[in-house]
S.K.: 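Dumping the structure here so I can ask a few things about it.
Here is the naming used below: chain letters follow the sequence lines, and residue numbers restart at 1 for every chain. Owing to the predicted nature of the structure, the values given are computational and were not obtained by experimental measurement. Scope of the values below: all heavy atoms of this structure, side chains included, with no hydrogens, waters or symmetry mates.
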Amino acid sequence: MIVFILCFILFLVGLFGLLTSRNIIKIIIGLSFMEFSVYLFLVLIGYIEGGQAPIVVEGIDIQMIVDPLPQAMVLTAIVIGLATKAMLLSTAIRIYKKFRSFDIRKIRSLKG
Amino acid sequence: MEITLSVLLLFMIFGAIYALFASDLLSALISCGIVGYGLVICFLLLRAPDLAIVQIVVETITLIIMVAVVLDSTRHDLREKVLIREKGNSYINAKYVFNVLTVLVLALFFLFFFNQAIDKLDAFGEHTTRMAKAYIEQGAERTGSANLVTGILFDFRGYDTLGEATILFTAVVGVLTILRLKGHK
């Protein structure tokens, strides 16, 4: 139970960074903290006390294998997280080249 | 197991808080690495070796890209001042208060749904694998892969992986488009 709550606290720390920072890099960092906490939460759900990794070998007790389904889904989510973070960072590079600053308060003249 | 994970998670939370309040962007990124690699250790403890390998690779790549971005531009952090000094008087910044209030409201909002989710879930470590029962029992025979995670990812849920590959391709095209040197006049 306490690990779930700590996971939620990590999510809230990421949310705080996302909403109160004025620097694009810090906002990306806060977003990645939120992502990490969600991955960890999903994997925590599938854990069995004293469980084995989901790899079938000779003589393994099939009842004591941890749930492989959340692990497969989180694997997909991690790779998609990398893709979105690469997009965000390239946008940040573009914004720095145009405005000479990472400050989101100065980025007001956005137009097509 | 729960205590080990809690200590690790506390360490990660302190790293996260330091990353958000560091005045140098480079040290903020390094402490972001604390959280990412702490997650790797958590995955190893939770018996998820595939996830640990993928997370190490992804975290290293993102850290390198982010450090390259920061070194190429500026290392200064910009933050909203909590106190504004004007003619000798100091006021509390209204914008900062508004941001913190928004965070609190959203935190209460998420806390409500977190509570509801936790009520329905099994306690930590007592999970019943009823969703994945068929995968665990027949996965190895039907897919021919000893590793159940790869069996699910590439066989039972192959279309998910196809969608993931599409998203990766779209992201690469998007990055190349954004970073293209010449634009339309």
S.K.: Measure A:F16 against the heavy atoms of chain B and call it side chain, backbone, both or neither at under 4.5 Å.
M.R.: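 Contact with chain B: backbone and side chain both.
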
S.K.: Tell me, out of A:L44, A:I93, A:L18, A:T84, who's got the most heavy-atom pairs with chain B below 4.5 Å.
M.R.: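 Ranked by contacts with chain B, first place is A:L44.
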
S.K.: Is any side-chain heavy atom of A:V43 closer than 4.5 Å to one of A:P70?
M.R.: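 A side-chain contact is absent here, since even the closest heavy-atom pair is not under 4.5 Å.
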
S.K.: Can you tell which part of B:L176 gets under 4.5 Å to a heavy atom of chain A, answering side chain, backbone, both or neither?
M.R.: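 Neither; nothing under 4.5 Å.
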
S.K.: Name the region of B:L46, side chain, backbone, both or neither, that has any atom closer than 4.5 Å to a heavy atom of chain A.
M.R.: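 For B:L46, backbone and side chain are both near chain A.
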
S.K.: Under 4.5 Å from any heavy atom of chain A, what part of B:L25 do you find: side chain, backbone, both or neither?
M.R.: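 The side chain, not the backbone.
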
S.K.: Of the listed residues (B:A140, B:C32, B:G38, B:G36), which shares the most heavy-atom pairs with chain A below a 4.5 Å separation?
M.R.: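 Of B:A140, B:C32, B:G38, B:G36, B:C32 has the most heavy-atom pairs under 4.5 Å with chain A.
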
S.K.: When only pairs under 4.5 Å are counted, which of B:A48, B:A171, B:A16, B:A22 shares the most heavy-atom pairs with chain A?
M.R.: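 Heavy-atom pairs under 4.5 Å are most numerous for B:A16.
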
S.K.: Is B:F21 linked to B:V70 within one hydrophobic cluster, defined over Ile, Leu, Val, Met, Phe, Trp and Tyr using a side-chain heavy-atom separation of less than 4.5 Å?
M.R.: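 Yes, one cluster joins them.
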
S.K.: Side chain, backbone, both or neither: which part of A:Q52 has an atom under 4.5 Å from a heavy atom of chain B?
M.R.: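 Answer is backbone: N, CA, C or O of A:Q52 sit under 4.5 Å from chain B.
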
S.K.: Heavy-atom distances under 4.5 Å only: say whether A:Y96 touches chain B with side chain, backbone, both or neither.
M.R.: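 Side chain only.
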
S.K.: Side chains of B:Y135 and B:T143 only: does a donor on one sit below 3.5 Å from an acceptor on the other?
M.R.: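 Not at all, the side chains of B:Y135 and B:T143 share no donor-acceptor pair under 3.5 Å.
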
S.K.: Quick one, A:Q71 and A:V66 - any side-chain contact, counting heavy atoms below 4.5 Å?
M.R.: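 When only atoms from C-beta onward are counted, A:V66 and A:Q71 do touch, with a gap below 4.5 Å.
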
S.K.: Quick check for you: among A:A83, A:G14, A:G50, A:A77, which has the greatest number of heavy-atom pairs under 4.5 Å with chain B?
M.R.: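 With the most close heavy-atom pairs to chain B, the winner is A:A83.
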
S.K.: Can B:V35 be reached from A:L42 by stepping across I, L, V, M, F, W or Y side chains whose heavy atoms are under 4.5 Å apart?
M.R.: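 Yes: a chain of side-chain contacts under 4.5 Å links A:L42 to B:V35.
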
S.K.: Is B:F110 atom CZ crowded by more than 12 heavy atoms from other residues, nucleotides or ligands, each under 6.0 Å away?
M.R.: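 Enclosed.
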
S.K.: Check the surroundings of atom CG in B:L104: do more than 12 heavy atoms from other residues, nucleotides or ligands lie under 6.0 Å from it?
M.R.: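 Yes, because the 6.0 Å sphere around CG of B:L104 holds more than 12 heavy atoms from other groups.
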
S.K.: Who among B:L8, B:L39, B:L29 has the most heavy-atom pairs with chain A under 4.5 Å?
M.R.: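 Counting heavy-atom pairs under 4.5 Å, the top option is B:L39.
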
S.K.: Taking A:I80, A:I5, A:I28, A:L40 one by one, which has the highest count of heavy-atom pairs under 4.5 Å against chain B?
M.R.: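 Greatest number of close heavy-atom pairs with chain B: A:L40.
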
S.K.: Pick whichever of B:E137, B:E59, B:R47, B:R157 has the most heavy-atom pairs under 4.5 Å with chain A.
M.R.: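 Highest number of heavy-atom pairs under 4.5 Å: B:R47.
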
S.K.: Tell me, do A:F4 and A:I9 make a side-chain contact under 4.5 Å, heavy atoms counted?
M.R.: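 Not touching, per the 4.5 Å side-chain cut-off.
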
S.K.: Under 3.5 Å, is there a donor-acceptor pair linking the side chains of A:D103 and A:N23?
M.R.: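 No, because no side-chain N or O of A:D103 sits under 3.5 Å from a partner of the opposite role on A:N23.
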
S.K.: Sort out for me which of A:L12, A:I65, A:V57, A:V13 touches chain B most, counting heavy-atom pairs under 4.5 Å.
M.R.: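 Heavy-atom pair counts peak at A:V13.
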
S.K.: Kindly indicate whether the side chain of B:L5, heavy atoms from C-beta on, has any atom under 4.5 Å from the side chain of B:C42.
M.R.: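 Heavy-atom side-chain distance check passes, below 4.5 Å.
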
S.K.: Tell me, for A:R100 versus chain B, whether the close heavy atoms (under 4.5 Å) come from the side chain, the backbone, both or neither.
M.R.: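 Neither the backbone nor the side chain of A:R100 comes within 4.5 Å of chain B.
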
S.K.: Heavy-atom distance under 4.5 Å to chain A: side chain of B:I178, backbone, both or neither?
M.R.: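 B:I178 touches chain A through backbone and side-chain heavy atoms alike.
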
S.K.: Using a cut-off of under 4.5 Å on heavy-atom pairs, state which of B:E2, B:Q55, B:M66 scores highest against chain A.
M.R.: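 Between B:E2, B:Q55, B:M66, the count favours B:E2.
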
S.K.: On a heavy-atom basis, which atom in B:A19 and which in A:F33 lie closest, and how many Å separate them?
M.R.: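 What the structure gives for the nearest pair is CB-CZ, 3.9 Å.
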
S.K.: Taking all atoms of both residues into account, what is the closest heavy-atom pair of A:I55 and B:P49, and its distance?
M.R.: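 Looking at all heavy atoms of both residues, the closest pair is CD1-CG, 4.4 Å.
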
S.K.: At a 4.5 Å cut-off on heavy atoms, which part of B:I118 comes close to chain A: side chain, backbone, both, or neither?
M.R.: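 The side chain, not the backbone.
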
S.K.: Non-hydrogen atoms of chain A under 4.5 Å away: do they reach the side chain of B:F124, the backbone, both or neither?
M.R.: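 Contact with chain A is through both the backbone and side chain of B:F124.
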
S.K.: Any idea which of A:R105, A:E35, A:Q63 has the most non-hydrogen atom pairs under 4.5 angstrom with chain B?
M.R.: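 Max contact count across the listed options: A:R105.
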
S.K.: Which atoms of A:S37 come close to chain B, meaning under 4.5 Å heavy atom to heavy atom: side chain ones, backbone ones, both, or neither?
M.R.: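 For A:S37, neither part sits under 4.5 Å from chain B.
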
S.K.: Does the separation of the ring centres of B:F109 and B:F113 fall below 6.0 angstrom?
M.R.: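 B:F109 vs B:F113: aromatic centres under 6.0 Å.
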
S.K.: In terms of heavy-atom pairs under 4.5 Å with chain B, which of A:L75, A:I25, A:T20 leads?
M.R.: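 So the answer, after comparing A:L75, A:I25, A:T20, is A:L75.
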
S.K.: Chain A heavy atoms under 4.5 Å from B:F43: which part of the residue, side chain, backbone, both or neither?
M.R.: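 Just its side chain gets close to chain A.
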
S.K.: Is it the case that over 12 heavy atoms from other parts of the model lie below 6.0 angstrom from the CD1 atom of B:I3?
M.R.: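 Open: at most 12 neighbouring heavy atoms sit under 6.0 Å from CD1 of B:I3.
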
S.K.: Checking heavy atoms, do the side chain of B:Y96, its backbone, both or neither come under 4.5 Å from chain A?
M.R.: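 Only the side chain of B:Y96 comes within 4.5 Å of chain A.
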
S.K.: Can you tell which of B:D72, B:T102, B:L10, B:L111 has the highest number of heavy-atom pairs within less than 4.5 Å of chain A?
M.R.: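 With the most close heavy-atom pairs to chain A, the winner is B:L111.
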
S.K.: I'd like to know if the side chain of A:K26 and the backbone of B:L20 have a donor-acceptor N/O pair within less than 3.5 Å.
M.R.: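 Yes.
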
